[in-house]
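Beneath this line is the structure, given in structure tokens, with notes to follow.
The figures here come from the full heavy-atom set of this structure, side chains too, leaving out hydrogens, waters and symmetry mates. Throughout, a chain's letter reflects where its sequence line sits, starting with A, and its residues are numbered from 1.
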Number of protein chains: 2
Amino acid sequence: MANKSYEQYCPVALTLDAIGDRWTLLIVRELLNGPQRYSDLQTSLPGIPPNLLASRLRDLESDGLVERQTLPPPAARTVFALTADGRDLERVVRSLGRWGLRRLPPPEDDGDVEPGMAVRSGLLTFAQPRLADGGDRTWVVIFGDEPYTLFLESGRVRTQRGRVERADVVARIRPAALLRHRVAGEKGARRSRPPVTFLEGSEEKVAEFERVFDLAAPAPSAVTTPR
Amino acid sequence: MANKSYEQYCPVALTLDAIGDRWTLLIVRELLNGPQRYSDLQTSLPGIPPNLLASRLRDLESDGLVERQTLPPPAARTVFALTADGRDLERVVRSLGRWGLRRLPPPEDDGDVEPGMAVRSGLLTFAQPRLADGGDRTWVVIFGDEPYTLFLESGRVRTQRGRVERADVVARIRPAALLRHRVAGEKGARRSRPPVTFLEGSEEKVAEFERVFDLAAPAPSAVTTPR
DNA sequence: CCGAATCCTTATTGATACTG
DNA sequence: CAGTATCAATAAGGATTCGG
């Protein structure tokens, strides 16, 4: 019930009716990392007024993009999670991220780069699941000291905070260095070899990971990013 | 100078800083069809207050997404055109369109469907240039009585209002029927054979056109849309 | 502490009228 | 035609408070 509809028979306008309000897409962006509590959202969206956050969540809920889940009694708390329709906005968020990446100034240091942002903008944005050898995969990446698990399942990559026991690859990545690589490397030559240290994983699995996330060392000649 | 920045070091937030204001992305959507005059924009964006349109165009211009071009003296008028950066927003607009398409109610009749919308949502959204046989192509599609030309150039599809003399294919498409096909056919079975009549073009060129724009007749078994 | 609701101020939008 | 100017209606921002 926030903004008025554009009242146009057009899918773009319709989408903007749903998620075009200020802050809304950033809330979706956060929820793409998995269900979050109200206060999680408040901290990852610095500056959002609490009434707006509540209002946006209500709008998203009544629009079928977010659902409110109450965790079991012991620690009964509410989390907000995307519905299937909401998760489908991932493409939208990614395309926004990809466009913005080339305008983003390179980060100074790791303090500038939230781990969630590093996963999305440094890895997911560039993921090409088709370049995997086939079958499902589980990868763990550790940003600073925050681990994320990436699942390749039926051709799509999904992330989750935290790490699982067994993974095909475990890698440590320095967030700022990764972002610098992406910002600078969006088009044209790569300056530096990407800042990834592999802690676990066979040689083939590591190579596959580098392929899927476009992290391979710079080729001697000009590289055209396939699309 | 419209909305305040989110002040987040994140490419998504940065993009929304640039194009997150109300009406802005709809202006970009229109300009993706080619340069437009102020009054063209007013008519294709019913309801936009003139001061907002002027203000948004100024913002877009100062952000390097739009440039103001003055046509040669005879009929000296100003048109607004996307810069290269602005055109790169096409992916964003497409992803929004694709998401919204499944929420869009099927059109009643051709009067509901603007030709520009039909080109974007009915054709461009589904374009897979890689399925062409290679080389450049020129296709003319006529919606109702409004012709559009689609150019396949170096792997990308570009549109232009009006038609050119020589084309590889000339097709007449009924806008509402096309949209009904897309809305219903987004996932799962196609109901009807797409409403395209070919006026010119060799058999191979027609087949290629159908392939590139995912307009082939429904397959007997379940169709999985490749991606 | 979590998940908001309330209150108030400021900024943006929308509608309409008007001008070079 | 291509915008500006004006002004009322809304939405956002920020601080504080409140109930579980």
(message) Heavy atoms from C-beta onward define the side chain here; which of D/dG13, C/dG3, C/dA5 lies closest to that of A/Arg37?
(response) C/dG3

(message) Rounded to whole Å, please give me the gap between CD in A/Gln42 and P in C/dC2.
(response) 9 Å

(request) Can you run through DNA chain C from 5' to 3' and write each base as (, ), [, ], | or . depending on how it pairs? Watson-Crick or G-U wobble, both distances under 3.5 Å. (result) |||||||||||||||||||.

(request) Look at B/Glu146 together with B/Arg161 and state whether they make a salt bridge at an N to O cut-off of under 4.0 Å. (result) yes

(request) Can you tell me the distance, in whole Å, between the CG atom of B/Leu60 and the P atom of D/dG3? (result) 13 Å

(message) Checking contacts here: which listed nucleotide (C/dG3, D/dC1, C/dG14) is nearest the side-chain heavy atoms of B/Ser39?
(response) D/dC1

(request) Check the side chains of B/Ser5 and B/Asp17 for a donor-acceptor pair under 3.5 angstrom, ignoring hydrogens and angles. (result) yes

(request) Identify whether the distance between the nearest side-chain nitrogen and carboxylate oxygen of A/Arg58 and A/Asp63 falls below 4.0 Å. (result) no

(message) Could you tell me how far apart B/Lys4 (NZ) and D/dA11 (C1') are, to the nearest whole angstrom?
(response) 14 Å

(message) Please report the distance, rounded to the nearest Å, between CG in A/Leu41 and P in C/dG3.
(response) 9 Å

(message) Taking 4.0 Å as the cut-off, does a side-chain nitrogen or oxygen of A/Trp23 come that near to OP1 or OP2 on D/dA11?
(response) no

(request) Starting at atom CZ of B/Arg68, determine the distance to atom C1' of D/dC1, rounded to an integer number of angstrom. (result) 13 Å

(message) Among C/dA5, D/dG3, D/dG13, which nucleotide has an atom closest to any side-chain atom of B/Pro50?
(response) D/dG3

(request) Measure the distance from CG on B/Leu53 to P on D/dT4 and round it to the nearest whole Å. (result) 10 Å

(message) Could you check whether atom CD of B/Glu30 has more than 12 heavy atoms from other residues, nucleotides or ligands sitting under 6.0 Å from it?
(response) yes

(message) Can you see if the side chain of B/Arg58 gets near the phosphate of D/dT4 - specifically, an N or O under 4.0 Å from OP1 or OP2?
(response) yes

(request) Please check if any side-chain donor atom of A/Gln8 sits under 3.5 Å from a side-chain acceptor atom of B/Arg29, or the reverse. (result) yes

(request) Consider the side chain of B/Arg22, meaning its heavy atoms from C-beta on, and name the nucleotide among D/dA2, C/dG3, C/dT13 that approaches it most closely. (result) C/dT13

(request) Rounded to the nearest angstrom, tell me the gap between atom CG in B/Leu45 and atom P in C/dG14. (result) 12 Å

(request) Indicate yes or no: does A/Arg103 engage B/Asp85 in a salt bridge with an N to O separation below 4.0 Å. (result) yes

(message) Could you tell me how far apart A/Tyr38 (OH) and D/dG19 (P) are, to the nearest whole angstrom?
(response) 17 Å

(request) Establish whether the base of D/dG3 is bridged to the side chain of B/Asn51 by a donor-acceptor pair shorter than 3.5 Å. (result) no

(message) I need the single residue from B/Phe213, B/Phe151, B/Tyr148 that forms a ring-ring contact (aromatic ring centres under 6.0 Å, His included) with B/Trp139. Which is it?
(response) B/Phe213

